[in-house]
Q: 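Quick one: this structure, given as structure tokens, is what I'll be asking you about.
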Amino acid sequence: MIKNAIIYKISKDWPIYIGVLEDALKKNIFQPCTPSQEKSEGWVPPRGEAHGALVESVGGQWILRFHTEIKLLPTSVVQKRVQEKCDAIERESGRKPGKWEQRDLKEEARLDLLPQAFTKESRTWVWIDPQASTLVVDTSSQAQADAAVTSLVECLPPGFALALLNTQTSPQAAMAQWLLEQEAPEGFYIGQECELKASGDSGAVVRYGRHPLDIEEVRQHIEQGKLPTKLALTFDGRVSFVLTDGLRLRSIQLQDVARDDDGAESGFDADVAIITGELARLLPALTVALGEEGGASV
């Protein structure tokens with residue numbers, strides 16, 4: 001269910017009540033784009049049921065879903081319509097449209113084409129652990145995470161604040177140390193994927209995939225100034241993921257042992273229980289490994 005994680009801490013000064021959250025999200029329920037609307041965003045029922053709850057609680061963990069719809073208008077198509085309008089004006093009046101008039105024609109062209117445009121839809125899971133005061137957005141895109149948390153902050157009463165998780169040790173420095181020593185923090189194991197990038201003008205990048213990282217070559221790259229931007233890790237033999245230098249988790253996958261131990265049938269509740277149960281153990285362990293410090297408010 002959750003494949004990526006951008007992690008936020010919720011202000012502990014703000015009391016969290018599921019009923020308040022449910023009512024707040026109703027202020028921005030997703031509505032499909034109108035014929036002249038280029039983009040629409042809002043909250044939808046996580047179970048996918050029409051008129052269902054906007055917040056689902058499973059084992060004390062809250063799940064939300066943010067929906068985005070964007071109409072795609074290729075630049076070439078818009079330019080072609082603008083040119084057609086310019087040609088028509090020149091034929092009728094004998095003059096070429098000026099710079100400012102062409103700008104207005106471009107907007108007209110967009111409005112003309114929007115009803116015929118293809119749409120792209122995306123749905124983003126948002127998980128709130130109310131006991132740990134943690135919020136996770138399932139995306140690798142900071143822009144998409146920003147859209148979801150901005151909507152959440154705008155919907156909720158004043159006082160609700162989020163801060164991106166920040167740590168005393170940067171993920172990049174920590175990953176470099178783990179690779180140099182070939183020893184990850186307790187409970188974590190280094191995988192077989194890594195990306196090293198040089199600082200400065202060269203920007204040289206070295207990538208390893210499905211390759212043992214306990215080799216002298218990797219240590220040499222780090223000693224020469226290349227630093228990790230991505231590193232595959234496994235936690236407790238149950239969850240694998242890729243940690244980035246921006247403290248994002250990507251490619252989250254549950255290992256077979258995690259699924260077998262749960263013993264639950266597949267379905268929304270089972271999927272939520274399994275993934276949140278494992279991540280609720282992983283995130284605090286990762287925070288301890290890096291040293292929690294706080295973060296900047298969103």
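All figures in this text were calculated on a predicted structure; none of them were measured in a lab.
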Q: Evaluate the criterion side chain to side chain donor-acceptor pair (under 3.5 Å) for residue pair Y17 and E22; output intermediate values, then yes/no.
A: CA-CA 9 Å; Y17 302 105; E22 174 73 27; over 6 Å; no
Q: Assess whether atom NZ of K96 is packed by more than 12 heavy atoms of other residues, nucleotides or ligands within 6.0 Å.
A: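 Count not over threshold, so no.
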Q: Classify the side-chain pair E183/Y189 by whether it contains a donor and acceptor separated by less than 3.5 Å.
A: no
Q: Starting at CG of L21, measure out to CG of D23 and round the result to the nearest 0.5 Å.
A: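 L21 CG to D23 CG: 9.0 Å, rounded to 0.5 Å.
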Q: Taking ring pair (Phe, Tyr, Trp, His ring centres under 6.0 Å) as the test, write out the residues that go with H67, two or more places apart.
A: F30
Q: Where does the angle between the aromatic ring planes of F188 and W178 fall among parallel (under 30°), tilted (30 to 60°) and perpendicular (over 60°)?
A: parallel
Q: Could you pull out the closest heavy-atom pair between S122 and Q144, with the gap in Å?
A: OG-NE2, 4.2 Å
Q: Whether D245 and K230 form a salt bridge (side-chain N of Lys/Arg under 4.0 Å from carboxylate O of Asp/Glu) is what I want to check.
A: no
Q: Measure across P46 and F268 and return the closest heavy-atom pair with its distance rounded to 0.1 Å.
A: O-CE1, 3.7 Å
Q: Taking only distance into account, with no hydrogens and no angle test, what donor-acceptor pairs under 3.5 Å do side-chain atoms of residues 101-108 form with protein atoms, sequence neighbours excluded?
A:
residue, atom, partner, partner atom, Å
E101, OE1, R95, NH1, 2.9
E101, OE2, R95, NH2, 3.3
Q102, NE2, P97, O, 3.2

Q: Taking atom CD of Q220 as the centre, report whether more than 12 heavy atoms of other residues, nucleotides or ligands fall under 6.0 Å from it.
A: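 Enclosed.
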Q: Using links of under 4.5 Å between side-chain heavy atoms of ILVMFWY residues, direct or through other members, which residues join F118 in one cluster?
A: none
Q: For a salt bridge (Lys or Arg N to Asp or Glu O under 4.0 Å) with E195, tell me which candidate from K226, R207, R250 qualifies.
A: R207
Q: Please confirm whether R65 makes a cation-pi placement over W43, using NZ or CZ under 6.0 Å from the six-membered ring centre and within 45° of the ring normal.
A: no
Q: For D138 and K3: C-alpha separation, side-chain torsions, deciding distance, then whether salt bridge (charged side-chain N to carboxylate O under 4.0 Å, His left out) applies.
A: CA-CA 6 Å; D138 175 18; K3 300 298 183 183; over 6 Å; no
Q: I'd like to know whether K9 forms a side chain to side chain donor-acceptor pair (under 3.5 Å) with T134, so could you lay out the CA-CA distance, the side-chain angles of the two residues, the decisive distance to 0.1 Å, and finally the verdict.
A: CA-CA 5 Å; K9 297 300 292 185; T134 300; 3.1 Å; yes
Q: For a side chain to side chain donor-acceptor pair (under 3.5 Å) check, start with the C-alpha distance between Q172 and T229, then their side-chain angles and the critical distance, and finish with the verdict.
A: CA-CA 6 Å; Q172 191 168 64; T229 56; over 6 Å; no
Q: Among residues at least two apart in sequence or on other chains, which ones pass side-chain hydrogen bond (donor to acceptor under 3.5 Å, both in side chains) with T234?
A: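 Not a single residue meets the side-chain hydrogen bond (donor to acceptor under 3.5 Å, both in side chains) criterion with T234.
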Q: Under the side-chain hydrogen bond (donor to acceptor under 3.5 Å, both in side chains) rule, collect the residues that match up with W127, sequence neighbours excluded.
A: Q61
Q: Are any non-hydrogen side-chain atoms of L165 and Y8 less than 4.5 angstrom apart?
A: no
Q: Quick one: salt bridge (Lys or Arg N to Asp or Glu O under 4.0 Å) pairs with a partner in residues 35-51, sequence neighbours left out?
A: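 Matches after skipping sequence neighbours: E38-R110, K39-E41, R47-E56, R47-D269.
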Q: Report yes or no: do Q177 and E181 form a side-chain donor-acceptor pair below 3.5 Å?
A: yes
Q: With no hydrogens and no angle check, is any side-chain donor or acceptor of S40 less than 3.5 Å from a backbone partner on Q31?
A: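 Looks like yes, one N/O pair under 3.5 Å.
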Q: If you take all heavy atoms of C155 and K27, which pair is closest and at what distance?
A: O-NZ, 2.9 Å
Q: If you count every heavy atom of other residues, nucleotides or ligands that lies below 6.0 Å from Q131 atom CD, does the total exceed 12?
A: no
Q: Does a donor on one side chain and an acceptor on the other come within less than 3.5 Å for Q182 and R219?
A: no
